[in-house]
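The chain is numbered in sequence order, starting from 1. Just so it is clear, the model here is predicted, and its values are computed rather than measured.
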Amino acid sequence: MGLTRELAEYLSVFDYGDLTPAAVAKVKTCLIDWLAVALAGGAEPAARAVRDHVLADPTPGRSTLLGEGTQVPAAKAALANGMAGHILDYDDVTTFGSGHPSAPVFPAVLALAEEIDAGGKDLLAGAAAGITTMLTLGLPVMPGHYTRGFHNTATFGRLGAAAGACVTAHLPAEACLGALGVAATTASGLRGGFGTMMKGLQVGWASMGGLMAYELARLGMAGPDDLIEGHHGFYAALAPRVDEAALQMVREGLKSGAVRGGPGERVSAEGTLCGRALDSIRLKRFPACFSTHGAIQAAIESRPFLGSLEEIADIECVVHPGCLDIAVNPAPRTGLEVKFSVQYCLALALLDGRVDLRSFEDGRALRAEVTTLAAKVRVIPEPAFAPDRRCRLVIRLDHGGQVESEVRILQALPAEAERKVAGAKLAEAAELQLGSATRGRQITEMIEGLEGLTTVRELTRLLRGRTGMAGTTRKGGSRERGTPLKGNPARG
């Protein structure tokens with residue numbers, strides 16, 4: 001039995017009852033955070049374009065477009081909500097493999113759970129299984145898959161979305177195998193789209209593709225039983241090499257049950273594939289590429305010790321080497337491209353003392369003083385900084401003095417502190433997009449007790465726009481819109 005079939009068997013028995021309390025709590029935090037960034041991202045021009053495309057199709061459905069008073073077919077909801085949830089680059093990241101775990105998985109499992117009227121436990125289990133699948137499948141071929149040019153959040157995200165959907169709907173092993181095969185053979189996503197609308201679209205497409213893989217498998221679609229690891233399969237086509245030790249570790253985790261220690265035996269969250277995957281997730285504090293976060297935080301911490309920024313002669317920014325391949329852009333042309341420029345993000349942080357959703361509006365991100373300060377930044381790679389994504393700033397002044405700061409951005413927050421970060425993000429997004437910060441807090445409270453919901457539709461009802469609380473659906477293509485993010489013009 002190979003990896004693809006072992007994963008299918010694993011998914012066919014994955015259940016909420018297997019999750020530890022720590023795993024359940026982490027999935028809830030991730031859901032709160034993802035909803036925040038997806039609601040905020042819904043106002044972006046790229047997200048509006050995808051939403052308009054979806055709404056142009058009069059086919060009825062039962063899955064909610066976030067921030068809208070409308071419901072559409074589940075796969076289309078996954079596309080639109082997945083695009084909205086990644087376009088701001090404000091969604092979570094991981095230290096277990098790499099990528100943005102929530103972005104492709106939650107749109108698929110939430111849309112499906114609403115469509116089939118599943119309960120909160122099914123949603124939690126589906127999300128945990130999808131994230132585990134996405135992250136663990138990446139371990140044997142990362143970073144080679146990424147350096148070859150593939151966007152792993154989109155490629156492995158499609159497999160994660162398919163896996164999450166299968167678990168949400170309790171599919172048997174053969175159907176899970178078919179869904180994994182469809183997802184593997186259709187997976188794509190290119191790093192060449194970073195800094196443009198294409199990056200978010202790839203993730204929305206992955207979420208939709210994963211859900212369509214589930215739908216086709218449920219109808220009998222089948223293929224090879226080794227399409228992930230086999231000759232001419234996913235790994236062979238999309239990565240230069242496979243780390244056999246990592247592959248064996250994944251297979252052993254799947255064979256052991258991963259979320260179980262044995263019949264009736266509980267294990268700690270840290271001791272399982274699922275627990276390790278979930279425990280690795282970190283929330284973003286800034287809506288930009290994660291490789292810029294160390295520079296942003298170090299700049300914010302340095303700002304109180306600086307006088308006039310005009311006295312800055314030179315800024316030495318020491319980062320992990322991967323940052324050079326992802327986020328070093330000395331001449332970005334749009335606000336979206338600025339999200340992938342350490343130089344400009346650092347300059348924004350020094351000038352404004354913060355980096356938030358409005359920092360990347362074209363007129364703000366590309367103003368003359370940002371360009372002038374960014375030109376003084378020298379980015380220097382340091383291999384030793386890679387494991388914890390450390391960043392060190394040395395800001396030298398005209399009179400000979402200097403200010404230094406060093407931060408580690410992968411340090412974990414206590415669970416309660418992390419939940420507060422997610423809740424604050426959701427309250428802000430709900431105020432801007434749903435017209436009420438109170439609604440955001442209501443959504444957070446409902447997610448806190450999600451396992452007690454008999455139907456996820458109680459949650460999605462709160463996620464509709466100002467006028468969507470009555471559960472309206474489209475008739476003849478008409479719809480009710482949410483309110484765009486204030487002061488957020490077209491970007492990219």
Side-chain angles (χ1 to χ4, degrees), residues 6-35 92 94-97 101-102 104-110 112-113 116 118-137 139 159-173 176 210 214 250 252-283 412 414-416 418-419 422 444-456 459:
E6 288 165 352
L7 177 57
E9 297 283 350
Y10 166 78
L11 295 172
S12 70
V13 296
F14 197 110
D15 186 76
Y16 171 83
D18 299 313
L19 299 176
T20 64
V24 172
K26 191 57 176 263
V27 175
K28 291 177 179 178
T29 296
C30 290
L31 176 56
I32 293 166
D33 185 75
W34 175 76
L35 287 172
D92 57 28
T94 178
T95 62
F96 190 66
S102 294
V105 172
F106 274 118
V109 298
L110 182 62
L112 177 61
I116 66 177
K121 290 182 178 180
D122 294 324
L123 174 61
L124 289 165
I131 289 171
T132 300
T133 297
M134 174 185 167
L135 297 187
T136 56
L137 285 182
L139 293 176
L159 287 153
C166 289
V167 170
T168 300
H170 301 280
L171 287 196
C176 291
Y214 148 81
V250 171
E252 289 175 358
L254 294 174
K255 289 176 183 177
S256 68
V259 290
R260 305 174 182 84
E265 180 186 351
R266 294 284 181 182
V267 297
S268 68
E270 294 75 19
T272 68
L273 284 180
C274 178
R276 290 176 64 190
L278 292 171
D279 188 57
S280 76
I281 297 173
R282 304 288 184 265
L283 305 189
E416 186 58 34
E418 192 173 53
R419 186 70 61 86
T444 296
E445 290 174 5
M446 186 170 287
I447 293 172
E448 294 280 6
L450 190 57
E451 64 271 39
L453 291 187
T454 57
T455 173
V456 168
L459 173 62

Chemist: When rounded to the nearest 0.5 angstrom, what is the spacing between OG1 in Thr132 and OH in Tyr10?
Modeler: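 Interatomic distance, Thr132 OG1 to Tyr10 OH, rounded to 0.5 Å: 4.5 Å.
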Chemist: For Val456 versus Gly120, what's the shortest heavy-atom pair and its separation?
Modeler: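 Minimum heavy-atom separation between Val456 and Gly120: CG2-N, 4.1 Å.
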Chemist: Find the distance between OG1 (Thr444) and CG (Leu35) and round it off to the nearest 0.5 Å.
Modeler: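 Here the rounded value is 8.5 Å.
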Chemist: Out of curiosity, Asp122 CG to Thr455 OG1, how far, rounded to the nearest 0.5 Å?
Modeler: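 The CG atom of Asp122 sits 10.5 Å away from the OG1 atom of Thr455.
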Chemist: Check Ala163 against Leu11 and note the closest heavy-atom contact, atom names and distance.
Modeler: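 Where Ala163 meets Leu11 most closely, the heavy atoms are CB-CD1, 3.6 Å.
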Chemist: Can you tell me how far apart CG (Leu19) and NZ (Lys121) are? Round to the nearest 0.5 Å.
Modeler: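 The CG atom of Leu19 sits 11.0 Å away from the NZ atom of Lys121.
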Chemist: Grab the two heavy atoms, one from Ala173 and one from Ser12, that are nearest each other, plus how far apart they are.
Modeler: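 For Ala173 versus Ser12, the nearest heavy atoms are N-CB, 3.5 Å.
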Chemist: Just by distance, do the side chain of Arg419 and the backbone of Ala25 share a donor-acceptor pair under 3.5 Å?
Modeler: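 Side chain of Arg419 to backbone of Ala25, a donor-acceptor pair under 3.5 Å: yes, one is there.
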Chemist: Is any side-chain heavy atom of Tyr214 closer than 4.5 Å to one of Thr168?
Modeler: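 The answer is no, as the side chains (C-beta and beyond) never meet within the 4.5 Å cut-off.
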Chemist: If we ignore hydrogens and angles and just use 3.5 Å, is the side chain of Asp18 paired with the main-chain N or O of Asp15 as donor and acceptor?
Modeler: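 At least one qualifying donor-acceptor pair exists.
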Chemist: I need the minimum non-hydrogen distance between Ser280 and Ala277, along with the two atoms involved.
Modeler: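 The answer is OG-O, 2.6 Å.
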Chemist: Heavy atoms, side chains only, cut-off 4.5 Å: are Val109 and Phe106 in contact?
Modeler: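 A side-chain contact under 4.5 Å exists here.
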Chemist: Just so I know, are the side chains of Leu450 and Leu31 near enough to count as touching, which here means a heavy-atom distance under 4.5 Å?
Modeler: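 A side-chain contact exists here, since the closest heavy-atom pair is under 4.5 Å.
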Chemist: Would you indicate whether the side-chain heavy atoms of Leu137 and Leu7 approach each other to under 4.5 Å?
Modeler: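 Heavy-atom side-chain distance check passes, below 4.5 Å.
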Chemist: Compare all side-chain heavy atoms of Asp92 with those of Cys30 and state whether any distance is below 4.5 angstrom.
Modeler: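 Yes, at least one pair of side-chain atoms sits under 4.5 Å.
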Chemist: If you count every heavy atom of other residues, nucleotides or ligands that lies below 6.0 Å from Lys28 atom NZ, does the total exceed 12?
Modeler: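 Correct, the count exceeds 12.
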Chemist: So Ile131 and Ile281, do their side chains get closer than 4.5 Å, heavy atoms only?
Modeler: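 With C-beta onward as the side chain, the pair touches.
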Chemist: Rounded at 0.5 Å granularity, tell me how far OG1 in Thr95 sits from CZ in Arg276.
Modeler: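 So the gap between those two atoms works out to 9.5 Å.
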Chemist: Could you report the tightest heavy-atom contact between Ala169 and Leu112, atom names first, then the distance?
Modeler: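 Closest pair (atom of Ala169, atom of Leu112, distance): CB-CD2, 4.3 Å.
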Chemist: If you compare all heavy atoms of Leu278 against all heavy atoms of Ala23, which two are closest, and at what distance to 0.1 Å?
Modeler: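 Scanning both residues completely, I find the closest heavy atoms to be CD1-CB, 3.6 Å.
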Chemist: Any heavy-atom pair between the side chains of Phe96 and Leu139 that's under 4.5 Å?
Modeler: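 In contact.
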Chemist: Hey, does Leu283 have a side-chain heavy atom less than 4.5 Å from the side chain of Thr29?
Modeler: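 Result yes, sub-4.5 Å side-chain heavy-atom pair found.
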Chemist: So how far is it from Thr20 OG1 to Lys26 NZ, rounded to the nearest 0.5 Å?
Modeler: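 The distance works out to 11.5 Å.
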